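Reviewing the structure listed below.
From a predicted model like this one, the values you see are computed outputs, not experimental measurements. Chain identifiers are assigned alphabetically (A, B, ...) following the order of the sequence lines, protein sequences preceding nucleic acid strands; residue numbering begins at 1 within each chain.
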2 protein chains.
Amino acid sequence: MAGMAEAKKPGSRVDVATHREVAAMLGRFEHRYTAGRRRLVDVLGGAGRPLSLPEVLAADEQLSQSSAYRNLDVLERSGVIRRLATGGEYAYFELSEPLLGHHHHLICVDCGSVTDVELDDHVERAVDDALHEVAAKARFQPLRHSLDLHGHCAACA
Amino acid sequence: MAGMAEAKKPGSRVDVATHREVAAMLGRFEHRYTAGRRRLVDVLGGAGRPLSLPEVLAADEQLSQSSAYRNLDVLERSGVIRRLATGGEYAYFELSEPLLGHHHHLICVDCGSVTDVELDDHVERAVDDALHEVAAKARFQPLRHSLDLHGHCAACA
DNA sequence: TTGCTTGCAAATGATTTGCACTGCT
DNA sequence: AGCAGTGCAAATCATTTGCAAGCAA
């Protein structure tokens, strides 16, 4: 493990391929991949779960609140990250599905924390088929589905 | 149809059985079923789709903003209504599933409007089974799942 | 230099709350 | 009387924005 490089820059918890991909996504919208934005991607990519803004700021002291919000907005519009409406007091942010893969969330109704989970392809397909069917009936153009489980996390139970 | 009473009080768009059920739910929490709360249930029950607070207020001029928010909170805590976090600027409210039945939402990313849809029991069961499985692995106690489709509604497409 | 980016401080706006009053029970 | 419920106005607080200064092409 120690000698086994994982293609990460020192100080970055996200691999080089991901950073390259992010740079390309930003480039498509004529946005620069600045230090502040790279820090956000490092924090979100290193967390392994969605983070609220306070958590993001706590993870990297160098980030300022307003710029973090502004850059999260840029990253969201460029398709790099996703903003989760959990119903709690904060929005949560995570790398988008093109970077992280399709998945779902366990949302704690007590503390608001969010955990990523994946489901069987078989179930995913059944859900997608069923949703496309009802969407067609309502002349609704589907973009993506969100499937979350609300309940009490291990820590709050 | 004209002579075919549907067990609704004049001026109420919600049937008597629902109002009785709501009264019982509130009673369990020692809350009264006041005129203002009844008006909210009438508005939400009559809409047939989730409504934002401005829509609720527009539907009944007699409702005051702060009391509406306060009563929606009471109704939510009593299990009468559900608050939806759509990601848009407003929260949306609808009668809870015990009153309305289990269903899902088509959420328009442009205008924020929400439409109710139902899925095959077969799909519902597959989803629930899959979610319970991953929840168990994470020692997470499930309360309910939410499955929403985000996209462009017929009006915004 | 031109214009994207940044950080600070101030503004915004949905939602919540203090308070005095009304009305059940 | 006692206390839940109401409406107004004011407060809250996550998030957004104005502006002056920094930095890359």
Side-chain angles (χ1 to χ4, degrees), chain A residues 22-44 50-78 80-93 111-114, chain B residues 22-44 50-58 60-78 80-94 111-114:
Chain A
V22 171
M25 295 169 95
L26 285 170
R28 265 169 234 135
F29 291 85
E30 326 244 279
H31 284 134
R32 300 176 190 159
Y33 199 18
T34 62
R37 291 169 189 172
R38 191 178 300 264
R39 297 185 100 92
L40 285 173
V41 170
D42 274 338
V43 168
L44 292 178
L51 298 180
S52 65
L53 190 95
E55 290 175 321
V56 169
L57 296 183
D60 187 336
E61 295 287 337
Q62 304 247 42
L63 293 169
S64 87
Q65 191 196 50
S66 64
S67 294
Y69 270 121
R70 237 184 309 232
N71 283 329
L72 287 168
D73 191 59
V74 168
L75 291 169
E76 185 187 14
R77 278 212 280 267
S78 306
V80 174
I81 67 168
R82 175 143 81 110
R83 178 192 304 254
L84 308 178
T86 63
E89 27 192 22
Y90 292 99
Y92 277 72
F93 302 90
C111 69
S113 68
V114 186
Chain B
V22 171
M25 294 168 96
L26 285 170
R28 264 170 235 134
F29 291 86
E30 326 243 278
H31 284 134
R32 302 176 190 161
Y33 198 18
T34 62
R37 290 170 189 173
R38 190 178 299 263
R39 298 185 98 91
L40 286 173
V41 170
D42 274 338
V43 168
L44 292 178
L51 298 180
S52 65
L53 190 95
E55 290 175 321
V56 169
L57 295 184
D60 187 336
E61 295 287 337
Q62 303 247 41
L63 294 168
S64 88
Q65 190 194 53
S66 65
S67 293
Y69 270 120
R70 240 186 301 232
N71 282 329
L72 288 168
D73 191 59
V74 168
L75 291 170
E76 185 187 13
R77 279 212 279 268
S78 306
V80 175
I81 66 168
R82 174 145 82 109
R83 177 192 305 254
L84 308 177
T86 63
E89 27 192 25
Y90 292 98
Y92 278 72
F93 302 91
E94 66 178 355
C111 69
S113 68
V114 186

Tell me whether B/Tyr69 contacts the main-chain N or O of B/Ser64 through its side chain, where contact means a donor paired with an acceptor under 3.5 Å. no

note: A/Tyr92, atom OH; D/dT15, atom C1'; distance rounded to Å ~ 16 Å

When the distance from CG of B/Leu72 to P of C/dT15 is rounded to whole Å, what number comes out? 10 Å

Determine the sole option in A/Arg37, A/His31, A/Glu76 for which the side-chain hydrogen bond (donor to acceptor under 3.5 Å, both in side chains) test with A/Asn71 is passed. A/Arg37

Rounded to whole Å, the CG-P distance (B/Asp60 to D/dT6) equals 13 Å

Could you state the atom-to-atom distance from CZ of B/Arg38 to P of C/dG23 in whole Å? 18 Å

I want to check one thing: is the phosphate of D/dA14, taken as OP1 and OP2, less than 4.0 Å away from some side-chain N or O of A/Tyr90? yes

Only counting residues at least two apart or in another chain, list the ones meeting ring-ring contact (aromatic ring centres under 6.0 Å, His included) with B/Tyr33. B/His19

OP1 or OP2 of D/dT6 under 4.0 Å from side-chain N/O of B/Ser64: no

Could you tell me how far apart A/Arg83 (CZ) and D/dT15 (C1') are, to the nearest whole angstrom? 9 Å

Specify the residue among B/Glu89 and B/Arg70 whose closest nucleotide of DNA chain C lies further upstream toward the 5′ end. B/Glu89

Atom CD of A/Gln65 to atom P of C/dT5: distance rounded to whole Å? 20 Å

Counting distance only, does the side-chain N/O of B/Ser78 pair as donor-acceptor with the main-chain N or O of B/Val80 below 3.5 Å? no

Report the distance from atom OH of B/Tyr69 to atom P of D/dG7, rounded to the nearest whole Å. 15 Å

Whole-Å distance, A/Glu61 CD to C/dG7 P, equals 13 Å

Between the CG atom in A/Leu72 and the CD1 atom in A/Ile81, the distance rounded to the nearest 0.5 Å is 4.5 Å

What are the two closest heavy atoms between B/Tyr92 and B/Ser52, and how far apart are they? CD2-N, 3.5 Å

What nitrogen or oxygen pairs link the protein and nucleotides 3-5 of chain D at under 3.5 Å?
unit_1 : atom_1 : unit_2  : atom_2 : d
D/dA4  : O4'    : B/Arg32 : NH2    : 3.4
D/dG5  : OP1    : B/Arg32 : N      : 2.9
D/dG5  : OP1    : B/Arg37 : NH1    : 2.5
D/dG5  : OP1    : B/Arg37 : NH2    : 3.4
D/dG5  : OP2    : B/Arg37 : NH2    : 3.4
D/dG5  : O5'    : B/Arg37 : NH2    : 3.4

To the nearest 0.5 Å, how far apart are CG in A/Leu44 and CD in A/Glu55? 10.0 Å

